[in-house]
Asker: 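Let me begin by handing over the structure; questions about it come next.
Every number for a ligand or one of its atoms is a count from 1 in the order of the listing. For clarity, every value in this text was computed on a predicted model and none was experimentally measured.
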Amino acid sequence: MKRKDLLGIKDLSKSELNEILQSANAMRETIDRRERLTTLAGKQIATLFFENSTRTRNSFDMAAKKTGAQSTGMSASTSSVQKGETLIDTGKTLDAIGFDAIVIRHPASGAPRVLAENVKASVVNAGDGMNEHPTQALLDVLTAKRHFGDIAGLKIVIVGDIKHSRVARSDVLAFTKLGAEVTVCAPYTLMPVGFDGMGAKVETDFDKAIEGANVVMALRLQLERMDQAYFPSIAEYHKYYGVTSKRMLRAADDAVIMHPAPINRGAEVSGEAADGENSLIYEQPTNGVAVRMAVLDYLLGGAK
Ligand code: CP
């Protein structure tokens with residue numbers, strides 16, 4: 001076991017990031033060869049999701065299968081939290097049942113850390129409120145690294161709903177630790193304070209921010225977290241902040257488009273751009289499985 005939990009990119013050193021990425025790249029090669037590993041045979045993984053998910057949950061399930069582990073899914077509606085049990089009591093029960101790892105997604109920032117401090121099982125943060133989504137950042141970095149070869153020196157622009165995005169936080173931390181130059185871009189209403197302190201440049205004009213970028217990462221408008229109107233209409237948002245083939249002409253010649261998804265086509269990205277030749281959007285979920293295989297292996301100590 002290299003560390004007990006993965007709660008955020010904030011906690012990882014550059015060498016830990018590189019070690020996980022190197023392992024994830026090797027895992028990706030096993031996926032491409034359609035191999036199944038047995039390195040985590042006998043390990044039991046619980047996925048405890050208190051928010052919707054398509055990619056992350058299925059990706060952890062697939063990662064468990066591909067490493068020989070078994071995963072058991074629980075959701076807020078089927079867990080005893082619905083009956084009034086605390087998250088800590090649920091966690092202690094999962095410990096006692098014999099789970100080696102708990103993968104948790106929760107609307108409250110910090111919930112995975114509270115769980116980790118109270119259970120013996122490894123805890124993996126699969127997204128907590130507006131805080132972090134570390135495995136998404138790892139898969140985003142892996143996708144860029146596999147495409148460009150190195151992260152250091154890349155110009156990354158992250159555009160969209162920065163305010164509500166746990167992906168933006170984890171991505172900025174991961175890409176800057178590895179030497180990329182990151183710019184976050186959003187209308188004033190969707191730009192929180194503090195990103196410059198994390199090492200990112202802050203820009204509200206997307207046409208300026210995209211200039212010369214190698215990676216253009218669009219983020220989802222998190223309408224479910226918006227309690228007021230942050231922009232006049234989706235059409236206006238798309239006009240000024242949408243990733244389109246025309247706007248991509250301002251980026252570097254080798255620029256690629258990424259998006260953690262789910263995508264709102266015609267809002268964050270035009271359909272044409274999302275499906276274009278320079279889109280890596282459908283490469284990201286495959287790398288997500290590889291990253292989660294590597295993370296489970298890192299935490300649970302699978303044989304190499
Ligand atoms: N990117 C991401 O976290 O997707 P899901 O919400 O589908 O898990």
Asker: Which label fits Tyr230 and His164: parallel for a plane angle under 30°, tilted from 30 to 60°, or perpendicular past 60°?
Answerer: perpendicular
Asker: Note every protein N or O atom lying under 3.5 Å from an N or O atom of ligand 1, pairing the names and giving the distance.
Answerer:
residue: ligand 1; atom: 1 (N); partner: Gln136; partner atom: OE1; Å: 3.0
residue: ligand 1; atom: 1 (N); partner: Pro260; partner atom: O; Å: 3.0
residue: ligand 1; atom: 1 (N); partner: Ala261; partner atom: O; Å: 3.0
residue: ligand 1; atom: 3 (O); partner: Thr56; partner atom: OG1; Å: 3.0
residue: ligand 1; atom: 3 (O); partner: Arg105; partner atom: NH2; Å: 2.9
residue: ligand 1; atom: 3 (O); partner: His133; partner atom: NE2; Å: 2.9
residue: ligand 1; atom: 4 (O); partner: Arg55; partner atom: NE; Å: 3.1
residue: ligand 1; atom: 6 (O); partner: Arg105; partner atom: NH1; Å: 2.9
residue: ligand 1; atom: 7 (O); partner: Thr54; partner atom: N; Å: 2.8
residue: ligand 1; atom: 7 (O); partner: Arg55; partner atom: N; Å: 2.9
residue: ligand 1; atom: 7 (O); partner: Arg55; partner atom: NE; Å: 3.1
residue: ligand 1; atom: 7 (O); partner: Arg55; partner atom: NH2; Å: 3.3
residue: ligand 1; atom: 8 (O); partner: Ser53; partner atom: OG; Å: 2.7
residue: ligand 1; atom: 8 (O); partner: Thr56; partner atom: N; Å: 3.0
residue: ligand 1; atom: 8 (O); partner: Thr56; partner atom: OG1; Å: 2.6
residue: ligand 1; atom: 8 (O); partner: Arg105; partner atom: NH1; Å: 3.3
residue: ligand 1; atom: 8 (O); partner: Arg105; partner atom: NH2; Å: 3.2

Asker: Answer with yes or no whether the side chains of Asn264 and Arg220 bring together a donor and an acceptor at under 3.5 Å.
Answerer: no
Asker: Strictly below 4.0 Å, N to O, side chains only: are Asp61 and Lys65 in salt-bridge contact?
Answerer: no
Asker: Got a salt bridge between Asp128 and Arg169, using NZ or NE/NH1/NH2 to carboxylate O under 4.0 Å?
Answerer: no
Asker: Hydrogens and angles aside, do Asn18 and Gln22 bring a side-chain donor and acceptor to less than 3.5 Å of each other?
Answerer: no
Asker: Less than 3.5 Å apart, any donor N or O on the side chain of Glu85 or Thr90 sitting next to an acceptor on the other?
Answerer: yes
